[in-house]
Amino acid sequence: MRTHWCGELRPQHIGQKVRLCGWASKIRDHGGVIFIDLRDRSGIVQTVFDPSACLREVHKLASEVGSEYVLLVEGEVVRRPPGTENPKLPTGEIEVRGERIEVLNESKPLPFPLTSDDADEMVRLKHRYLDLRRQRMQRILELRYKFTKAIRDFMDAEGFWEIETPILWKHTPEGAREFIVPSRLHPGKFYVLPQSPQLCKQLLMVAGVERYFQIARCFRDEDPRADRQLEFTQVDIEMSFITREDIFDLVERMLAYAFEHAVGIKVETPFARMSYSDAMERYGTDKPDLRFGMEIADITDIVANSSFQIFSQVASVGGKVKALNAVGCASFSRKDVSELTDIAKRAGAKGLATISVGESEIHSHVAKFLSDGELEAIFERLKATAGDLILIVADKGWLACTALGLLRNHIAAKLNLKRYGDWKFVWVVDFPLLQWDEEEGRYTPVHHPFTSPLPEDECLLIEGANSALPKGHPEHPLSKVRANAYDIVLNGYEIGGGSIRIHKRQLQEALFKAIDLPMEEAHQKFGFLLEAFEYGAPPHGGIALGLDRIIAIIADTENIREVIAFPKTSTGYDPMTGSPTPVSEQLLRDTHIRLSLED
RNA sequence: GGGGCCGUGGUGCAGCCCGGUUAGCACGUCGGCCUGUCAAGCCGGAGGUCGCGGGUUCAAAUCCCGUCGGCCCCGCCA
């Protein structure tokens with residue numbers, strides 16, 4: 001139908017007759033000359049219908065065109081008259097002199113403007129097919145395609161096979177709440193949609209596939225957030241006969257390749273690395289944003305004996321006094337500071353001490369309790385100079401760090417330190433393998449129950465079984481086992497995580513014992529995997545990357561719905577189709593389901 | 001499960017605090033004029049149960065209660 005794309009026309013096409021297809025984006029009818037901006041996937045080009053240069057009926061047809069009419073326009077590419085070029089358009093030096101116009105379809109007036117970005121999201125989602133017509137959304141769709149394409153190209157070159165795994169899967173307790181699918185052929189029984197292809201990809205390793213990947217859809221029936229959806233996509237990878245170094249190397253090269261080939265962004269490799277405990281100590285989070293400094297410092301030793309009772313008391317019971325230098329924030333208003341205090345309190349801190357450093361004086365409600373020597377030592381440790389604002393939280397170590405971590409992010413956002421175009425990847429390693437679950441009264445896996453411990457920590461798993469210390473105690477061997485697991489973090493967002501898996505029965509049994517999962521029950525839940533592991537399972541490990549989140553970061557949006565073609569609202573509703581909906585009585589009967597709705 | 005913010009013609013907003021004209025503005029839309037615009041311009045018109053229900057009041061977009069929907073956060077997300 002067409003000879004060219006609208007957006008590709010340049011001065012080099014001048015003189016050519018072209019036939020274009022697209023939508024009428026913007027119409028400027030001067031009574032005489034009519035301009036119609038014709039838009040297709042590639043961009044926009046101005047078409048002109050001049051009554052002195054085209055047939056009368058062509059001009060009449062053009063005058064009847066409405067917004068978003070679907071058009072076929074034929075004409076000659078000409079240079080725009082001097083002074084009328086539009087530098088805002090890539091095609092702005094030329095225009096198409098319309099000689100023929102055909103209305104392929106009409107359009108009703110639109111429910112929201114396609115030319116601005118601030119329409120109500122609900123309306124956009126209801127008419128997503130219109131929303132996706134907008135150039136910004138098309139760029140995102142294109143970016144997402146190019147990114148996954150690059151990943152496929154790269155993984156192919158590395159010898160990986162993309163293998164599809166079942167969507168109808170088996171219910172396995174632990175982990176996220178699952179979506180269930182009733183079985184018509186097995187009355188009263190259900191499939192579930194996979195939270196991730198985790199177990200499948202491990203079975204593929206037992207199967208000798210060695211190098212697997214998949215752009216995999218995953219489903220979790222948890223409350224969505226700005227950066228979460230009920231269904232999302234992960235780049236799922238698993239390899240045999242490797243150590244975590246191999247995974248790091250592969251993923252670093254893969255991301256560098258995809259960033260460069262999809263978006264032209266050069267990414268520095270190798271990525272930074274940081275232990276979990278380091279991340280918590282220095283940044284107060286397991287997903288530090290390394291685009292800016294402002295590290296958290298420990299000043300417990302400086303103020304342990306100070307006359308400020310809150311500090312000395314916390315120190316004497318094993319707590320920590322942590323501080324952060326909000327560089328250049330001395331001028332924060334009372335309101336700003338009270339906002340900071342609220343954030344700290346939300347994290348569980350009892351309060352926030354601040355010291356505002358001036359040229360010759362300091363402003364602080366705690367300074368009078370601190371000696372000059374103590375103040376000097378604090379300034380020195382935080383490299384504080386005039387104009388800075390020091391924030392101090394005294395509490396249990398991890399709580400003080402977490403509170404300051406939140407403040408660090410808040411202040412950086414306020415000071416505009418989270419700059420777009422800065423790509424700071426970091427591997428966070430050596431997570432604890434287990435965490436104590438107060439409610440359930442047992443240890444639970446931080447990652448998942450097939451994550452191996454660091455080789456040097458395996459003995460702690462055995463020791464743990466015989467320890468005299470109460471479970472949950474921070475010094476209990478089981479609290480101290482580090483996992484051979486890793487997260488990858490980009491600009492403060494966790495974009496993926498993985499581990500080297502357990503592949504030996506003995507270690508797996510020790511792990512189940514540590515989390516108080518009887519072998520019998522383990523077999524009920526994961527029997528197929530445990531059995532598979534008895535037939536020569538190779539050492540293996542892998543990672544899963546959150547594709548939606550990565551695309552969102554590149555597209556510079558906090559909202560993951562922006563990078564999903566047909567997303568759902570934060571209650572899991574789809575305004576376009578109206579789903580979820582009730583189903584017919586017949587379908588319920590077929591699938592042996594009786595509803596018991598309250599009220 | 002809990003908390004915060006929001007809901008006013010098709011779209012984006014104002015009005016709400018301190019109740020009282022015909023609910024205002026911009027965009028879009030419709031009609032007219034207009035031969036170089038690109039946020040085209042000028043003139044005119046249509047379009048609103050102020051999310052819904054209840055209450056207070058002589059009187060409610062405005063105050064109160066409830067409810068529905070949206071967004072964000074905590075819990076949750078191995």
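To find a chain, count down the sequence lines: A is the first, B the second, and so on, and within it residues start at 1.
In the set B/C72, B/C77, B/C71, B/C71 carries the atom at the smallest distance from any side-chain atom of A/Glu121. Considering only the side chain of A/Val33, B/G36 comes nearest among B/G36, B/G75, B/C71. Comparing B/C34, B/G69, B/A39 by their nearest atom to the side chain of A/Lys88 picks out B/A39. Listed nucleotides: B/C73, B/G70, B/G36. Nearest to the side chain of A/Val48: B/G36. Side-chain proximity of A/Ser52 to B/G36, B/C72, B/U35: nearest is B/U35. When distances are taken from the side chain of A/Asp120 to each of B/G36, B/G70, B/G12, the shortest belongs to B/G12. Residue A/Arg28 places its side chain closer to B/C38 than to any other of B/G70, B/C77, B/C38. The side chain of A/Ser570 approaches B/C72 more closely than any other nucleotide in the set B/U35, B/C72, B/U37. For A/Arg561, the side-chain atoms get nearest to B/C71 when compared with the rest of B/U35, B/A39, B/C71. Of the listed nucleotides (B/G70, B/C76, B/U37), B/G70 has the atom at the smallest distance from the side chain of A/Thr571.
Across B/G24 and B/C34, the matching P atoms stand 32 Å from one another, rounded to whole Å. Spacing of P atoms, B/U22 relative to B/A61, comes out at 12 Å, to the nearest Å. Nucleotides B/G31 and B/G69 place their P atoms 39 Å apart, quoted to the nearest Å. A distance of about 28 Å separates the C1' atoms of B/G9 and B/C72, rounded to the whole Å. Spacing of C1' atoms, B/C77 relative to B/G15, comes out at 42 Å, to the nearest Å. Using C1' as the reference atom, B/C30 and B/C71 are 35 Å apart when rounded to the nearest Å. The gap from the P atom of B/C42 to that of B/C38 amounts to 12 Å, rounded to the nearest Å. Comparing B/C17 with B/G53, their C1' atoms are spaced 25 Å from each other, to the whole Å.
A/Glu95 comes within 4.0 angstrom of a nucleotide base, judged by non-hydrogen atoms across all strands. At a threshold of 4.0 angstrom between heavy atoms, the contacts of A/Asn86 include nucleobase atoms, whether or not backbone atoms are also involved. Across all strands shown, A/Asn559 has no heavy atoms under 4.0 Å from either base or sugar-phosphate atoms. Within 4.0 Å (heavy atoms only), A/Pro449 reaches at least one base atom of the nucleic acid. Using a 4.0 Å heavy-atom distance criterion, A/Pro81 is classed as a base contact. In this structure, A/Thr569 reaches the sugar-phosphate backbone alone: every heavy-atom distance under 4.0 Å involves primed, P, OP1 or OP2 atoms, never a base.
At a cut-off of 3.5 angstrom, counting only N and O atoms as typed in the model, there is no donor on one side facing an acceptor on the other between the side-chain of A/Glu85 and the base of B/G36. Not a single donor-acceptor pair, N or O on each side, falls under 3.5 Å between the base of B/G4 and the side chain of A/Arg346. For B/C38, the base has a donor-acceptor partner in the side chain of A/Arg80 [N/O atoms by modelled type, under 3.5 angstrom]. Contact of A/Arg228 with B/C77 (side chain to base): a donor-acceptor pair of N or O atoms is detected under 3.5 Å.
When the P atom of B/C77 is taken as reference, atom CD of A/Gln198 falls 16 Å away, rounded to whole Å. Rounded to whole Å, atom P of B/U11 lies 10 Å from atom NZ of A/Lys126. Whole-Å rounding puts the A/Ile34 CD1 to B/C33 P distance at 13 Å. Between A/Ile343 atom CD1 and B/C73 atom C1' the separation is 12 Å, expressed in whole Å. Summarising the geometry, the separation between NZ on A/Lys108 and C1' on B/G10 is reported as 11 Å, rounded to the nearest angstrom. Atoms CZ (A/Arg97) and C1' (B/G36) sit 12 Å apart, rounded to a whole Å. Summarising the geometry, the separation between CG on A/Asp487 and P on B/C77 is reported as 15 Å, rounded to the nearest angstrom. To the nearest angstrom, P of B/U37 lies 14 Å from CG of A/Asp29.
The aromatic ring of A/Phe112 is not stacked on the base of B/U11, since the criterion of ring centres less than 5.5 Å apart with planes inclined by under 30° is not met. Judged by centroid separation below 5.5 Å and plane tilt below 30°, A/His30 stacks onto the base of B/A40.
For the salt bridge (Lys or Arg N to Asp or Glu O under 4.0 Å) with A/Asp37, the lone residue among A/Lys26, A/Lys88, A/Arg28 that qualifies is A/Arg28. Remark: of the listed residues A/His540, A/Arg501, A/His503, A/His540 is the sole one forming a side-chain hydrogen bond (donor to acceptor under 3.5 Å, both in side chains) with A/Gln202. Residue A/Val77 forms a side-chain contact (heavy atoms from CB on, under 4.5 Å) with just one option from A/Leu20, A/Thr91, A/Val45, A/Val18, and that option is A/Val18.
Under the Watson-Crick and G-U wobble criteria, each requiring two contacts below 3.5 Å, nucleotide B/C34 is left unpaired. The partner of B/G10, taking Watson-Crick or G-U wobble pairs whose two distances both stay under 3.5 Å, is B/C27. B/A39 makes up no base pair with any nucleotide shown, lacking Watson-Crick or G-U wobble contacts both under 3.5 Å. The base-pairing partner of B/C63, taking Watson-Crick or G-U wobble contacts with both distances under 3.5 Å, is B/G55.
In this structure, A/His127 and A/Tyr129 have perpendicular ring planes: the angle between them is above 60°, well past the 30° mark. Between A/Trp169 and A/Phe528, the two ring planes are perpendicular [angle over 60°; tilted spans 30° to 60°].
In terms of modelled atom types and a separation under 3.5 Å, the side chain of A/Asp236 and the main chain of A/Gln214 share no donor-acceptor contact. Without hydrogens or angle criteria, A/Arg505 side chain to A/Leu530 main chain gives no donor-acceptor distance under 3.5 Å. Under a 3.5 Å cut-off, the side chain of A/Arg220 and the backbone N or O of A/Gln195 do form a donor-acceptor pair. Side chain of A/Arg228 to backbone of A/Asp223: a donor-acceptor contact under 3.5 angstrom is found.
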Polar-atom pairs under 3.5 Å, protein N or O versus N or O of nucleotides 25-28 of chain B: list them with distances, or write none.
none

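Put simply, the side chain of A/Lys525 reaches to within 4.5 Å of the side chain of A/Leu517, judged on heavy atoms.
Mapping A/Gln435 and A/Gly83 onto RNA chain B via the closest heavy atom, the residue that lands nearer the 5' end is A/Gly83. The residue among A/Gly31 and A/Asp37 whose nearest nucleotide of RNA chain B lies closer to the 5′ end is A/Gly31.
In this model, the phosphate group of B/C71 is not approached by any side-chain N or O of A/Arg225 to a distance below 4.0 Å at OP1 or OP2.
Rounded to the nearest 0.5 Å, atoms CG (A/Leu406) and CG (A/Asn409) are 7.0 Å apart.
Of the charged side-chain nitrogens involved, at least one lies within less than 4.0 Å of a carboxylate oxygen, so that A/Asp131 and A/Arg128 count as a salt-bridged pair.
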